[in-house]
Amino acid sequence: MITGKNYIGNSLSANGNKTFTTFNPQTNTENASVFTEATAEEINQAAILANQAFQSYSKKSGKEKAAFLRAIADEIEALGEALIEVYTSESGLPAGRAMGERGRTVGQLRAFALHVEEGSWVEASIDTAQPERQPIPKVDLRKMNVPLGPIVVFGASNFPLAFSTAGGDTAAALAAGCPVIVKSHPMHAGTGELVASAVLKAAEKTGMPNGVFSNLNSSGIEVGQQLVQHPAVKGVGFTGSIRGGRALFDLAAQRPEPIPVFAEMGSINPVVLLPEALNTGAASWATTYAGSITLGAGQFCTNPGLLLGIKGEGLDQFGQTLAEEIVKVTPTCMLHPNIYGAYEAGKERAVSQEGLEVIAAYNDEVSANYGRQIVSKVAGKTFLENPTLHHEVFGPFSLLVECENESQLEEIITKLEGQLTGTIIASETEIAANSGIVNALQNRVGRIIFNGVPTGVEVCPSMLHGGPYPASTDARFTAVGVDSIKRWVRPFSFQAWPDNLLPEELRNENPLEILRNINGIKTTDKL
Ligand code: NAP
């Protein structure tokens, strides 16, 4: 049931007087539930409670945390059709997408459960003492990853489940041993509340401390700002706009005690189209890209917003087929009138730039909030000279850049901002012959794709979802896959600590049978 209240640990609270509703973009009407924004006092209570919970939650074993994560997944599934209905009514996304995203969300939770149950993720390292060493004896040192403390997670507008309340950031932080306070996304506060109720049921069933999880409503930036500034908070996870992510990053850096903000932000995901591949496959790649650009109304962080090619017949053919195919795609509903409005404004801004030619635009009448796709073309020189063309237009938009030659293409790639992904459509011989272009792309992105599309982010340990700024605030980490747990830990060393007082991960007997680094050698052996 949706109460519209804040979940401060196990308690429901609605002391504030600022209320808001969510919006159904399909019907273009407000939804019925009314949500109460968290007050400064409620924010403080959630942070203090999270800090208290940290004392015991940080000591929970991998098995205990795994049971909690699995119980969350089960409780989310038990929400059944009610969750799907609220999700679709708050996002305009179809039920199929809701179910797919729910599957991904519970899959992530269960993957983290396995990860912490197995236990080697703590990267235990042991250097045994050498009392006889000359000229000075060597002490016994043992290191492992320990949780950071309470983490604030900002729900993402474009993934109401998989990157929100119990999404990747939350699953990773809970797996690490960190309590989580979610700043619920105002566009899907009801979806957020249902998932929050599932997390709290799971916490109760598996004996987790009160305060291990809180969910706060907000319809403005103040709640998030206060949370990021609260002294008890030790880290932040964010997915959204560059403006929002950067503002929170700056705020966190200005605290008396600065804390890390792992923000995954905008990206235009350049696609490099090399001539040989286009000579044989221009039409087929263009058809594939018409699908990728319009997938989910273009509201994916990996949407291919920039297509880079070299002048010639192959690129002409690619542009022509893309123009023909993309207008055949029926537009779909965007997440919210604000996102739709931002798309329309971004599209207008882009196409009004000098030197831009619209090569395809869906112009038929559509329902309110439906995002109509558009593809424009521009010369390489114009693109290089105009930074506005380098900005993300969040929606079914893409820009085809016609470069004079390979060296201009390489220059453009070199001057791009950091990106989540880069794709190369090429033959293998072209890859080998264009190492400058390939290296330039590798330097600008977190993931490089050969002959494929950037949309579709597999959740697995080898995925890297992040990239040089502004794709993310820290290119050393991924926001997807079990390695994302590394954002919420710090390495910690014990020196000459008695064996029986050490965490199990570092004891001589290796009771958890995890992989450890002992005197420089990786092994599961005991000492
Ligand atoms: P957003 O504006 O970045 O907001 C995300 C969250 O951060 C919201 O909960 C918002 O709070 C909060 N926030 C934003 N600015 C803040 C600030 N200065 N201080 C504190 N908190 C702040 O993103 P959105 O609302 O989800 O979508 C808007 C635009 O973001 C889209 O049109 C798109 O351009 C971009 N976006 C990009 C991606 C991507 O993956 N590339 C994903 C999603 C969105 P309130 O809502 O409560 O104000």
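Below, each value reflects all heavy atoms present in this structure, side chains not excepted, and no hydrogens, waters or symmetry copies. When a ligand or atom number is given, it counts from 1 through the structure's own listing order.
- Taking the six-membered ring where tryptophan is involved, the planes of Tyr57 and Phe68 are perpendicular, since the angle between them exceeds 60° and thus also 30°.
- Under a 4.0 angstrom heavy-atom cut-off, Glu264 registers as being in contact with ligand 1.
- Aromatic ring pairs are classed by plane angle as parallel below 30°, tilted from 30° to 60° and perpendicular above 60°; the pair His390 and Phe383 is parallel.
- Scanning the protein for heavy atoms near atom 14 (C) of ligand 1, the closest one is Gly244 CA, 3.8 Å.
- Among all protein heavy atoms, the one lying closest to atom 18 (N) of ligand 1 is Ala247 CB, 3.3 Å.
- The protein atom (non-hydrogen) at minimum distance from atom 10 (C) of ligand 1 is Lys183 NZ, 4.1 Å.
- Ring geometry, His115 versus Phe112: the interplanar angle exceeds 60°, so the pair is classed perpendicular (tilted spans 30 to 60°).
- The single protein non-hydrogen atom nearest to atom 25 (O) of ligand 1 is His185 NE2, 3.3 Å, given as residue, atom name and distance.
- From the protein, the heavy atom lying nearest to atom 20 (C) of ligand 1 is Leu248 CD2, 3.3 Å.
- Put simply, no part of Ala156 is less than 4.0 Å from ligand 1, judged by heavy atoms.
- One option in Ser241, Gly240, Gly305, Pro186 has a heavy atom closer to atom 2 (O) of ligand 1 than any other, and that option is Ser241.
- Regarding atom 28 (C) of ligand 1, its nearest protein heavy-atom neighbour is Ile339 CD1, 4.0 Å.
- The main-chain N or O of Arg372 is found under 3.5 Å from a side-chain atom of Lys347 such that the two form a donor-acceptor pair.
- Between the choices Phe163, Phe238, Phe20, the shortest heavy-atom distance to atom 4 (O) of ligand 1 belongs to Phe238.
- Ligand-side atoms of ligand 1 in range of Ser219: 47 (O), range being under 4.0 angstrom from any heavy atom.
- Taking each of Asn158, Asn217, Val228 in turn, the one with a heavy atom nearest to atom 42 (C) of ligand 1 proves to be Asn158.
- Residues passing the salt bridge (charged side-chain N to carboxylate O under 4.0 Å, His left out) test with Lys486 are Glu123, Asp483, sequence neighbours excluded.
- Comparing heavy-atom distances from atom 13 (N) of ligand 1 across Thr239, Ile221, Thr302 singles out Ile221 as nearest.
- Not one N or O of Ser184 is nearer than 3.5 Å to an N or O of ligand 1, by distance alone.
- A side-chain donor from one of Thr455 and Ser292 sits under 3.5 Å from a side-chain acceptor of the other.
- Here Val223 has no heavy atoms under 4.0 Å from ligand 1, in either its backbone or its side chain.
- Near Cys301, the atoms of ligand 1 lying under 4.0 angstrom from a non-hydrogen atom of the residue are 39 (C), 40 (O), 41 (N).
- Comment: Glu257 engages Lys234 in a salt bridge, judged by a side-chain N to carboxylate O separation of less than 4.0 angstrom.
- Salt bridge present: Arg110 and Glu77 bring a charged side-chain N and a carboxylate O closer than 4.0 Å.
- Atoms of ligand 1 lying under 4.0 Å from any heavy atom of Ser218, numbered from 1 in the order shown and given with element: 47 (O).
- Using a 4.5 Å cut-off on side-chain heavy atoms (C-beta onward), Val375 and Tyr289 make no contact.
- In this structure, Glu392 has a heavy atom closer than 4.0 Å to ligand 1.
- Not a single heavy atom of Gly224 lies less than 4.0 angstrom from ligand 1.
- When Phe394, Tyr343, Tyr340 are checked for heavy-atom proximity to atom 34 (O) of ligand 1, Phe394 turns out nearest.
- Among all protein heavy atoms, the one lying closest to atom 26 (O) of ligand 1 is Ser157 OG, 2.6 Å.
- Side chain of Asn24 to main chain of Thr27: a donor-acceptor pair is present (N/O by atom type, distance under 3.5 Å, no hydrogens or angles).
- Ligand 1 places these atoms under 4.0 Å from at least one heavy atom of Gly220: 45 (P), 47 (O), 48 (O).
- Of the possible polar contacts, one joining the Ser164 side chain to the Phe159 backbone as a donor-acceptor pair under 3.5 Å is found.
- Residue contacts with ligand 1 leave out Gln299, since none of its heavy atoms falls under 4.0 Å from the ligand.
- For ligand 1, the atoms sitting less than 4.0 Å from at least one non-hydrogen atom of Met265 are 41 (N), numbered in the order shown with element in parentheses.
- Side-chain atoms of Gln373 and Thr294 form no donor-acceptor pair, as typed in the model, at a separation below 3.5 Å.
- Summarising the local packing, CZ of Arg490 is surrounded by 12 or fewer heavy atoms from other residues, nucleotides or ligands at distances under 6.0 Å.
- Note on Glu325 versus Lys328: salt bridge recorded, some NZ/NE/NH1/NH2 to OD/OE distance being below 4.0 Å.
- Annotation for ligand 1: atoms under 4.0 Å from non-hydrogen atoms of Gln225 are 19 (N), 20 (C).
- Between the side chain of Gln419 and the backbone N or O of Asn269, at least one donor-acceptor pair lies under 3.5 Å.
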